[in-house]
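To keep things clear, I will list the structure first and then write my remarks on it.
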Amino acid sequence: MRRKIVAGNWKMNKTITEGLSLIEAIKTGAPKVQKEGVDIIVAPTYVMLSEAVKATAGSSVKVAAQNCHQEESGAYTGEISTSMVKAIGAEYIIIGHSERRQYFNETSASIAKKINSTLAKGLIPIYCNGEVKEEREAGKHFEVVKRQMNDELFHLSAEEVKKVVIAYEPVWAIGTGLTASPDQAQEIHAYLRQLLTDKYGAAVAEEISILYGGSCKPDNAKEIFSKKDVDGGLIGGAALKAEDFLGIVAAF
Ligand code: PGA
C-alpha cells in the first residue's frame, strides 16, 4: 500500500527559534487533521535538523534533510553526508529538487549517486523531478520526466525503488502561484507510474508514493489529492505557516 504524505520543504527559511515554534504548532494541530495512513514530514535547514528531530520525537511528525552530498566524507566544504543525516536521526532526504538543479548545478549523475547513498544508509529519498516552462510549452514534459527517471532512478533494483518517494514538481509551478490542474497532475503521475510498471511491474509501481509539488495550497490540495495517482504533496511556501500546512494535511 502506498503511503499518503504531506511534506513541507522549508527551503532557506526559519531561524531555529522560528522553526521550533512552527514544529510546535504543527504537532499541536496535527491530531485534529491527520488521518490514519497520512505521514507528515518537515524539511528544515541543516542548522536545525538535530533540534527538529528532538522536537518531533514521540510525535507523528517526521524529519527530512533538504539535500546531501553523495560522498561519505572528505574535502567538500559546505556539504553534509548521508551518514551525518542518519546520525542526527532524520529519516528522509529530499534529492534533486529543481532549485538544486538550477542554482547548484546538480546533474543526473550526482542525483543518482545521492539516491544510492541515501538508500545505503537506510534513509528514504524524496526524489524530485519535473519539467521547466519551455519544455511544458513545447509538449515535452513526458519526454523530460522519462529521461530523468531513466538517468536518475532506474538503475535501482525493485527492492530499492520501492523505498523511494517520488515528487513530481513542474518547475513552472514552483513558487509562482501557477499550479498544475488536477487533471494535468493526474496525467503525469499516471505516466510516471506507468514507467515504473514497465520497468519493475505493477506490484512495485503500486507501492510507490508519488507526490505533487508546485504552489499547492489548502484551497487546491483537496482536488489534486483526490486524483488516483497523486499520493500527497511536497509543499514549499504553504509549509511555512502551520495553519496552511495543516490545511493541506486536512485535504485528505
Ligand atoms: P511551492 O514549492 O509550494 O512554494 O511552489 C514547492 C517545492 O519547491 O517543493
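Read the numbers this way: they start at 1 and go in the same order the structure lists the ligands and their atoms.
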Does the N or O separation between I235 and ligand 1 drop below 3.5 Å for any pair? no
Check this for me, if you would: do K163 and E160 make a salt bridge, where the nitrogen-to-carboxylate-oxygen distance has to be below 4.0 angstrom? no
Can we say R2 and E207 salt-bridge, meaning some charged N sits less than 4.0 Å from an Asp/Glu carboxylate O? no
Of the protein's non-hydrogen atoms, which lies at the shortest distance from atom 7 (C) of ligand 1, and what is that distance? E169 OE2, 3.3 Å
Between R136 and E131, does any NZ, NE, NH1 or NH2 come within less than 4.0 Å of an OD or OE carboxylate oxygen? yes
In ligand 1, the atoms that come under 4.0 Å of a heavy atom of H97 are 7 (C), 8 (O), 9 (O)
For the side chain of E223 and the backbone of N220, is there at least one donor-acceptor N/O pair under 3.5 Å apart? no
Okay, side chain of Q66, backbone of K11: is any donor-acceptor separation there less than 3.5 Å? yes
State whether the shortest distance between N or O atoms of G237 and N or O atoms of ligand 1 falls below 3.5 angstrom. yes
If the cut-off is 4.0 Å to any non-hydrogen atom of G175, which atoms of ligand 1 fall inside it? 1 (P), 4 (O), 5 (O)
Check whether R193 reaches the backbone of A202 with its side chain - one donor and one acceptor, N or O, closer than 3.5 Å. no
I'd like to know if A173 contacts ligand 1, where contact means a heavy-atom distance under 4.0 Å to any ligand atom. yes
Yes or no: does G213 have any heavy atom under 4.0 Å from an atom of ligand 1? no
Region of S98 engaging ligand 1 - heavy atom pairs below 4.0 Å: neither
Identity and separation of the nearest protein heavy atom to atom 3 (O) of ligand 1: G236 N, 2.9 Å
With F245, the side-chain contact (heavy atoms from CB on, under 4.5 Å) member among L240, V33, L22, I235: I235
Any N/O pair T176/ligand 1 closer than 3.5 Å: no
Within ligand 1, which atoms have a heavy atom of G214 less than 4.0 Å away? 5 (O)
Atom indices of ligand 1 within 4.0 angstrom of L234 heavy atoms, with elements: 6 (C), 9 (O)
Salt bridge flag under 4.0 Å for residues K27 and E24: yes
